[in-house]
Amino acid sequence: MPELVSITDQSATHRSARRERNLSRLLVAFIGAGLAFMLLPGTFLGVWNLFAISSRHSSQAISAEWIQAHGHAQVFGWIGCFILGIGFHSIPKMRGAGSRIALGQAAFSLSAWVSGVFLRWFANVYFWHWRALLPLSAALELIAFLFFFRAVSQHKSSSETKAKFEAWIFVVIAGTLGWLAALVANFYECVHAALQSNSPAFPAAFDQRFLVVLAWAFLVPHVWGFSAKWLPIFLGLKIVRTRLLLSAVVVNIAGVVLACCGLAIAGTLTLLAGALVAGAALRIFERGERPAKTTGVHASFPVFIRVAYTWLLIAATLGTWAAFSTDTIGIAGASRHALTVGFVSLMVFNIGQRVLPAFSGMKLLWSPRVMFASSALLTIGCTLRVASEVLAYQGFSSSAWHFLPASAVIEMSAVTLCATNLVLTFMQSPAHEIRLRESAVTARAAVS
């Protein structure tokens, strides 16, 4: 009988280990797809756009189709793949679910999502059969999301898990619903454009409201939610003010609704208030009660997290300024860049390089120094881009046009370093295997 129990335990351990390996491979597939979108259709096209804009001293030098293709690849292709991958990897394990169903649904979701994002980029850039590809791409993205939503919500939590249903999960759920709203709006407008428009680009009036939903209803709540989960541990912060954080989400939703209803001033002021409340709830700028955990990453990690939340406040402030101005193209663009690059991308760079190595099979980050270099370059490039966009587009300084290409090259260098660091990390053996090999080498050296 004891032998039978032992065999059963070994079998369960083997299944658990195999499940972990499968989930790690799944995560790496999603992250790899996201990095590909970040580097090629996203950042490279953005750099190309900025060079053209700078050379002609006009923001109208590039078609709306190319600008929207760049943005779609960055937000849906890069960030979307990262969130899908982390969700498929983490949520079933957190809720005690088996991996077989999740893995099957995840494989379909990955293929549908990547195909949808690529087809959208291709249709916007090349115009090839765009009336068919545009709605098809939106449908694939929506279907992929629905498979993801079904996979992570169908598993019933245990009573212990329900008792631990923390505030950060509600914040992520709010962001997920914002993501769904963005996907539905995207599908509607893609079908509308295919039937009635002469171009795959969204009309300017719709696009402005769509970007508000994309940025503030989808991206921002997700970052707040993951911040509430991980930052108190990683930065040694005091416990999150959960009621204040949930209040920030409510205020943020109100700001999105107001902005989408055309009440720009009220909407941007409300979004700024929500950002301030979230910062206070997360205690980002307060002194921590414990030392930050920077083992395996660069010691600058806590600094860049706080820099990212500073960019969030800058983005909200610039958005408010744009709402009070008549000529807003430079200020509004700078606000979006401060949010998507300064806040979201910098958070992804730091949180991603902190947690993804462990999620991908308990590996160590390939190079903490490269992590620092990528975050530093991204911060420098974003600062140069935001400042130059305001100065050049608003006509404050004609020389600022020349700094736009430099900002693009610096930011592309940053994302290339980050992608390289993660790829080399994924190619490494797990940390425990490396330690075993090092111990074996040391033992052989001692014997000889």
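Computed from a prediction, not measured in an experiment: that's the story for all the values here.
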Undergrad: Ring pair (Phe, Tyr, Trp, His ring centres under 6.0 Å) with W216: which residues, sequence neighbours excluded?
TA: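 Per chain and number, W216 pairs via ring pair (Phe, Tyr, Trp, His ring centres under 6.0 Å) with no residue.
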
Undergrad: Name the atoms and distances for all side-chain donor-acceptor pairs under 3.5 Å in residues 276-285, with sequence neighbours left out.
TA:
from, atom 1, to, atom 2, distance (Å)
R283, NE, I239, O, 2.6
R283, NH1, E286, OE1, 3.1

Undergrad: Is the closest side-chain heavy-atom distance between T320 and L271 below 4.5 Å?
TA: no

Undergrad: Judged by atom type as modelled, is there a donor-acceptor pair below 3.5 Å linking the side chain of T270 to the main-chain atoms of A266?
TA: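 It does hold such a pair.
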
Undergrad: Specify whether F372 and H298 have parallel, tilted or perpendicular ring planes, treating 30° as the upper limit for parallel and 60° as the lower limit for perpendicular.
TA: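 Aromatic pair F372/H298 classed parallel.
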
Undergrad: Give the C-alpha distance, both sets of side-chain angles, the deciding distance and a yes or no for side-chain contact (heavy atoms from CB on, under 4.5 Å) between I305 and F234.
TA: CA-CA 10 Å; I305 292 296; F234 296 157; over 6 Å; no

Undergrad: Tell me, with the steps shown, if L27 and F88 meet side-chain contact (heavy atoms from CB on, under 4.5 Å).
TA: CA-CA 8 Å; L27 175 67; F88 274 118; over 6 Å; no

Undergrad: Does F226 have any ring pair (Phe, Tyr, Trp, His ring centres under 6.0 Å) partners at least two apart in sequence or in another chain, and if so, which?
TA: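 Result, ring pair (Phe, Tyr, Trp, His ring centres under 6.0 Å) vs F226: W230.
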
Undergrad: Would you mind reporting whether L356 and I86 have side-chain heavy atoms less than 4.5 Å apart?
TA: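 Result yes, sub-4.5 Å side-chain heavy-atom pair found.
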
Undergrad: Could you tell me which non-hydrogen atom of C190 sits nearest to which non-hydrogen atom of R120, and how far apart they are?
TA: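 Residues C190 and R120, closest heavy atoms: SG-NH1, 3.7 Å.
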
Undergrad: Holding to side-chain hydrogen bond (donor to acceptor under 3.5 Å, both in side chains), I want the full list of residues that pass it with S227, two or more places apart in sequence or in another chain.
TA: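 Once residues adjacent in sequence are excluded, the partners of S227 under the side-chain hydrogen bond (donor to acceptor under 3.5 Å, both in side chains) criterion are Y309.
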
Undergrad: Can you name the ring pair (Phe, Tyr, Trp, His ring centres under 6.0 Å) partners of H72, sequence neighbours left out?
TA: F76

Undergrad: Taking all atoms of both residues into account, what is the closest heavy-atom pair of C81 and W113, and its distance?
TA: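 It is SG-CD1, 3.7 Å.
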
Undergrad: Taking ring-ring contact (aromatic ring centres under 6.0 Å, His included) as the cut-off, I'd like each qualifying pair that reaches into residues 235-283, sequence neighbours left out, listed once.
TA: none

Undergrad: Taking all atoms of both residues into account, what is the closest heavy-atom pair of F301 and V297, and its distance?
TA: CB-CG2, 4.3 Å

Undergrad: side-chain contact (heavy atoms from CB on, under 4.5 Å) with I331: which residues, sequence neighbours excluded?
TA: L318, W321, A322, S325, Q394

Undergrad: Could you pull out the closest heavy-atom pair between F210 and A182, with the gap in Å?
TA: CE1-O, 3.2 Å

Undergrad: Rounded to the nearest 0.5 Å, what separation is found between the CH2 atom of W311 and the CG atom of L339?
TA: 11.5 Å

Undergrad: Please report the shortest heavy-atom distance between A323 and I265, naming the atom on each side.
TA: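 In terms of heavy atoms, the two residues are closest at O-CG1, 3.6 Å.
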
Undergrad: Can you measure from OG (S360) to CD (Q428) and round to the nearest 0.5 angstrom?
TA: 9.0 Å

Undergrad: Any side-chain to backbone donor/acceptor pair from S137 onto V117? Under 3.5 Å, distance only.
TA: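 No; judged by distance alone, with no hydrogens or angles, the pair does not exist.
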
Undergrad: Would you check if N350 and M371 make a side-chain contact, meaning some heavy-atom pair closer than 4.5 Å?
TA: yes

Undergrad: CD/E389 to CZ/R385 distance, rounded to the nearest 0.5 angstrom?
TA: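 So the gap between those two atoms works out to 4.5 Å.
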
Undergrad: Does some side-chain heavy atom of L346 sit less than 4.5 Å from a side-chain heavy atom of V341?
TA: no

Undergrad: Which of these passes side-chain contact (heavy atoms from CB on, under 4.5 Å) with I31: F82, F359, W78?
TA: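 When F82, F359, W78 are each tested with I31, the side-chain contact (heavy atoms from CB on, under 4.5 Å) holds only for F82.
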
Undergrad: Please verify the inter-ring angle class for H192 with Y188; under 30° counts as parallel, over 60° as perpendicular, anything in between as tilted.
TA: parallel

Undergrad: If the condition is ring pair (Phe, Tyr, Trp, His ring centres under 6.0 Å), which residues does F349 pass it with, not counting sequence neighbours?
TA: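 With sequence neighbours excluded, F349 shows a ring pair (Phe, Tyr, Trp, His ring centres under 6.0 Å) to no residue whatsoever.
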
Undergrad: Measuring from atom CD of E411 to atom CD1 of I380, what distance do you get when rounded to the nearest 0.5 angstrom?
TA: 11.0 Å

Undergrad: Passes side-chain contact (heavy atoms from CB on, under 4.5 Å), T176 versus F145? Steps please.
TA: CA-CA 10 Å; T176 304; F145 173 86; 3.6 Å; yes

Undergrad: Please check this pair: side chain of S407 against backbone of L404, looking for a donor-acceptor N/O pair closer than 3.5 Å.
TA: yes

Undergrad: Between E166 and V240, is any pair of side-chain heavy atoms under 4.5 Å apart?
TA: no

Undergrad: Between F149 and L180, is a side-chain contact (heavy atoms from CB on, under 4.5 Å) present by the stated rule, with each step listed?
TA: CA-CA 10 Å; F149 189 80; L180 176 60; over 6 Å; no

Undergrad: Would you call V213 and F218 a side-chain contact if the rule is heavy atoms closer than 4.5 Å?
TA: no

Undergrad: Taking distance alone, no hydrogens or angles, what donor-acceptor pairs closer than 3.5 Å link side-chain atoms of residues 416-427 to residues at least two apart or in another chain?
TA:
from, atom 1, to, atom 2, distance (Å)
T416, OG1, M412, O, 2.7
T420, OG1, T416, O, 2.7
N421, OD1, S367, N, 3.0
N421, ND2, Q353, OE1, 2.8
N421, ND2, S367, O, 3.0
T425, OG1, W366, N, 2.8
T425, OG1, N421, O, 2.6

Undergrad: List the atom of P405, the atom of H402, and the distance in Å for their closest heavy-atom pair.
TA: CD-O, 3.4 Å

Undergrad: May I ask you to test the V344-V220 pair for a side-chain heavy-atom distance under 4.5 Å?
TA: no

Undergrad: Check this for me: R306, atom CZ, are more than 12 non-hydrogen atoms of other residues, nucleotides or ligands nearer than 6.0 Å?
TA: yes

Undergrad: Just by distance, do the side chain of R354 and the backbone of G296 share a donor-acceptor pair under 3.5 Å?
TA: no

Undergrad: Suppose we screen for side-chain contact (heavy atoms from CB on, under 4.5 Å). Which residues come up paired with P135, at least two apart in sequence or across chains?
TA: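 In terms of side-chain contact (heavy atoms from CB on, under 4.5 Å), with neighbours along the sequence ignored, P135 is linked to V191, A194.
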
Undergrad: Any chance you could measure H337, atom NE2, to T383, atom OG1, to the nearest 0.5 Å?
TA: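 Going from NE2 on H337 over to OG1 on T383, the span is 9.5 Å.
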
Undergrad: Could you check whether any side-chain heavy atom of H222 comes within less than 4.5 Å of a side-chain heavy atom of I83, counting everything from C-beta outward?
TA: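 SC-SC contact between H222 and I83 confirmed.
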
Undergrad: Identify each donor-acceptor pair in which a side-chain atom of residues 199-208 lies under 3.5 Å from a protein atom, sequence neighbours left out, and give them as a table.
TA:
from, atom 1, to, atom 2, distance (Å)
S199, OG, E65, OE2, 2.2
S199, OG, A201, N, 3.1
Q208, OE1, R336, NH1, 3.4

Undergrad: Check whether S345 reaches the backbone of G342 with its side chain - one donor and one acceptor, N or O, closer than 3.5 Å.
TA: no

Undergrad: With sequence neighbours excluded, tell me which residues meet side-chain hydrogen bond (donor to acceptor under 3.5 Å, both in side chains) with T294.
TA: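 By the side-chain hydrogen bond (donor to acceptor under 3.5 Å, both in side chains) rule, T294 matches no residue at all.
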
Undergrad: Out of curiosity, Q74 CD to W121 CH2, how far, rounded to the nearest 0.5 Å?
TA: 12.5 Å

Undergrad: From the options V307, L219, V223, L312, select the one residue that forms a side-chain contact (heavy atoms from CB on, under 4.5 Å) with M347.
TA: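 By the side-chain contact (heavy atoms from CB on, under 4.5 Å) criterion, M347 pairs with just one of V307, L219, V223, L312: V223.
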
